[in-house]
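Basis for what follows: all heavy atoms, side chains included, without hydrogens, waters or symmetry-related copies. Counting from 1, the numbers follow the sequence of the chain as shown.
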Amino acid sequence: MVVARAGYSTRQSWSRFLRREVSGGGLAGYRMTYATSLSSSENENRPTSVAVKSDDKAYIKALGFMPKRYAAETAIVNQGEDGDRVFIIESGWGCVSHDLAGGQRQILDFALKGDIVLPQTCTGAALQTFVAQTDLAVLEASAKTLALGAAKSPHIASLFLETLARQRALVAQHLTNIGRRSALARTAHLLLELRARLERVGAASRTGFACPLTQYDLADALGLTPVHVNRMLRELRERGLLEFRQGHVRVLDRQGVTKFAEFDDRYIDG
């Protein structure tokens, strides 16, 4: 599952922690221990999302994270497979889902720039599938690196406690979408959430964002059929609230759609 995106304070905590630990050599031993296992992937599964700024790259790499790129539609981690990887998204969109035996899936979250994804525990099988929705650039390391880092440093342990709290907040909203909001409100709410999350990493404006999702993707995230999603998008446009056309979401009435969807972005910032 995807952990919620961290807000500005967590980004600052992450940056300060990395600078402190790397300059002090606190995690050097862990970096050397796990360097040999980092060559294959840099995506994020089992989402823990912390927005990481570009000037933190050097510090992240010093903890053993290595850069990697995946082409669109690449299955980075498949549900049920063993592994030990943690990913930080640098650019692009990822998709985390739970797969059903009949070939259906429930999209749990979309992994965006700055998100941390952990598809499985250090020693267990992946509980979700993680796919590159678009071309995806990531930083990847062994999950043991962070686990040992958390055991050694209260700073990184605190960071991940904050991240888990934000994950719970995201999951609560997604569950409420599926269980209680109308089809129209949940469609608007998800698009507003994506815009807000992207805006926090400089990838969206207050009025819209580029969106690579298809109506099939939205259907799997919202618990609707693609035909139903099409009707909901048309109704949102006809009401003058927002529109989704040619890969771009545009907010037509920010105040109106926010009120209609009961969208409060404080759960994103934590």
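In this structure, A261 and A188 approach most closely via the heavy-atom pair CB-CB, 4.0 Å. Shown here for A126 and V77, the closest heavy-atom pair between the two residues is CB-CG1, 3.5 Å. Of all non-hydrogen atoms in L241 and G256, the two that sit nearest each other are CD2-C, 3.8 Å. For the pair K113 and E90, the tightest heavy-atom approach, listed with the atom from each and the gap, is CG-O, 3.4 Å. Residues A125 and G80 come closest through the heavy atom pair CB-O, 3.4 Å. The two residues L224 and H228 have their closest heavy-atom pair at CD2-ND1, 3.7 Å.
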**Request:** Please assess W93 against L198 for the test side chain to side chain contact (heavy atoms under 4.5 Å, CB included), listing each intermediate value before the final yes or no.
**Result:** CA-CA 11 Å; W93 288 52; L198 289 168; 3.6 Å; yes

**Asked** side chain to side chain contact (heavy atoms under 4.5 Å, CB included) between H189 and E262: does it pass, once the steps are laid out?
**Response** CA-CA 8 Å; H189 195 280; E262 297 182 341; 5.6 Å; no

**Asked** When you look at I107 and V96, which way does the side chain to side chain contact (heavy atoms under 4.5 Å, CB included) test go after all the steps?
**Response** CA-CA 6 Å; I107 292 179; V96 179; over 6 Å; no

**Asked** Does the pair L252 and R250 meet the rule for a side chain to side chain contact (heavy atoms under 4.5 Å, CB included), with working shown?
**Response** CA-CA 6 Å; L252 303 175; R250 186 161 68 99; 3.4 Å; yes

**Request:** Begin with the C-alpha distance, continue with both residues' side-chain angles, and end with the deciding distance and a verdict on side-chain hydrogen bond (donor to acceptor under 3.5 Å, both in side chains) for T129 and D99.
**Result:** CA-CA 7 Å; T129 292; D99 302 330; 2.5 Å; yes

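Within the 4.5 Å cutoff, no side-chain heavy atoms of M66 are placed close to those of L139. In this structure the side chain of T258 never reaches within 4.5 angstrom of the side chain of D253, judged on heavy atoms. V251 is listed as a side-chain neighbour of V257, based on a closest heavy-atom distance under 4.5 Å. Residues L242 and L191 are in side-chain contact: their nearest non-hydrogen atoms beyond the backbone lie under 4.5 Å apart. Side-chain contact between L233 and T187 is present, with heavy atoms from C-beta onward closer than 4.5 Å. Side-chain contact between L170 and H174 is present, with heavy atoms from C-beta onward closer than 4.5 Å. Residues F65 and V86 have side chains in contact (heavy-atom distance under 4.5 Å, counting atoms from C-beta outward).
Remark: D264 CG to Q173 CD distance equals 8.0 Å, nearest 0.5 Å. Atom CG of L184 and atom CG of L236 lie 4.5 Å apart (nearest 0.5 Å). Atom-to-atom distance recorded for Q79:CD and L100:CG is 8.0 Å, nearest 0.5 angstrom. Between atom CZ of residue F260 and atom OG of residue S182 there is a gap of 5.0 Å, rounded to the nearest 0.5 Å. Distance SG/C95 to CD/Q128: 11.0 Å, rounded to 0.5 Å.
Classification of D135 and R69 as a salt-bridged pair fails, no side-chain N sitting under 4.0 Å from a carboxylate O. A salt bridge is defined here as a Lys NZ or Arg NE, NH1 or NH2 lying under 4.0 Å from an Asp or Glu carboxylate O, and R239 with E235 meets this definition. D265 has a carboxylate O that lies under 4.0 Å from a charged side-chain N of R200, or vice versa, which qualifies the two as a salt bridge.
Screening residues 179-196 for salt bridge (charged side-chain N to carboxylate O under 4.0 Å, His left out), with sequence neighbours left out, gives E193-R197, R195-E199.
Annotation: E81, atom CD; neighbour count of heavy atoms from other residues, nucleotides and ligands within 6.0 Å is above 12. More than 12 heavy atoms of other shown residues, nucleotides or ligands fall within 6.0 angstrom of atom CD in E238.
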Output a table of donor-acceptor pairs, distance under 3.5 Å, between side-chain atoms of residues 213-221 and any protein atom two or more places apart or on a different chain; print 'none' if there are none.
from : atom 1 : to   : atom 2 : distance (Å)
T214 : OG1    : Y216 : N      : 3.3
T214 : OG1    : D217 : N      : 3.1
T214 : OG1    : D217 : OD2    : 3.1
Q215 : OE1    : N230 : ND2    : 3.3
D217 : OD1    : R105 : NH2    : 2.9
D217 : OD1    : Q133 : NE2    : 3.4
D217 : OD2    : Q133 : NE2    : 2.7
D217 : OD2    : T214 : N      : 2.9
D220 : OD2    : R105 : NE     : 2.7
D220 : OD2    : R105 : NH2    : 3.4

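Side-chain atoms of H248 never come within 3.5 Å of backbone atoms of G208 as a donor-acceptor pair (strictly under, hydrogens ignored). Judged purely by atom type and a 3.5 angstrom limit, R85 has no side-chain atom pairing as donor or acceptor with the backbone of A141.
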